[in-house]
Amino acid sequence: LEEILYHDEL
Amino acid sequence: MNIFRLAGDMTHLLSILVLLLKIYATKSCSGISRKTQELYAIVFVARYLDLFTDFISVYNTFMKVVFIASSLAIVWCMRFHPMVRRSYDRELDTFRHYFLVGASFALALILHEKFTVQEIFWAFSIYLEAVAILPQLVLLQRSGNVDNLTGQYIFFLGAYRAFYILNWIYRYLTEPHFTRWIACVSGVVQTALYADFFYYYFISWKNNSKLKLPA
């Protein structure tokens, strides 16, 4: 989950 | 998602809409650096390589598509639209922007989160975005006068990154393991580049005079 949340910004 | 990031994304979207409005309404791109627009197109393509692999939210995917499509459309207009391309300040837009691409990529090979293609392109896009405005600011210095829509375009572009800095402070304070040094440091550098423009923009707005940049 950490990996996916990592680039949650545009 | 927090209010600062939403405000940042909205001002970023607004800056692109202002630019599209200027080009579409006046059929002219005078005062706009095509090199900066090309750099932004590279930034978005390099950063959103995960567009089809990582789904985060409808909003996230929608905005990524809008940013990629609009930046490519602007570059296409400035290169191929018969009316628009004629008004391009070719002799003023002479910043050697390929150096910025090379330097950002070299830095991304050294400084990144993980040595994977996606992470290196992500770091590359972060560094390149920080300096992508340089050709545009150089062009404005050369041309001296800034028309309203161009001034607003750059103002919103600077405001978007300033909101993101507030977003990073907010996330740092509220999320235990939030560390994002690459984006933070690069974002602060990017906002600092706008500082002098913001200063002259504010002065002209206060004196209600036309925005003049010192040559």
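Letters go in sequence order (proteins before strands), and every chain restarts at 1.
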Inspect the surroundings of CZ in B/Phe198 and state if more than 12 heavy atoms from other residues, nucleotides or ligands are less than 6.0 Å away. yes
More than 12 heavy atoms of other residues, nucleotides or ligands under 6.0 Å from CH2 of B/Trp205: yes or no? no
message = Atom OH of residue position B/Tyr59 - does it have more than 12 heavy atoms of other residues, nucleotides or ligands inside 6.0 Å?
response = yes
Given side chains that start at C-beta, do those of A/His7 and B/Glu113 come closer than 4.5 Å, heavy atoms only? no
Filtered by a 4.5 Å non-hydrogen cutoff, the part of residues 5-37 of chain B contacting chain A is B/Arg5, B/Asp9
If one checks every heavy atom of B/Tyr48 against chain A at 4.5 Å, the contacting part turns out to be side chain
Closest non-hydrogen contact found for A/Leu10 with B/Tyr164 is N-OH, 3.5 Å
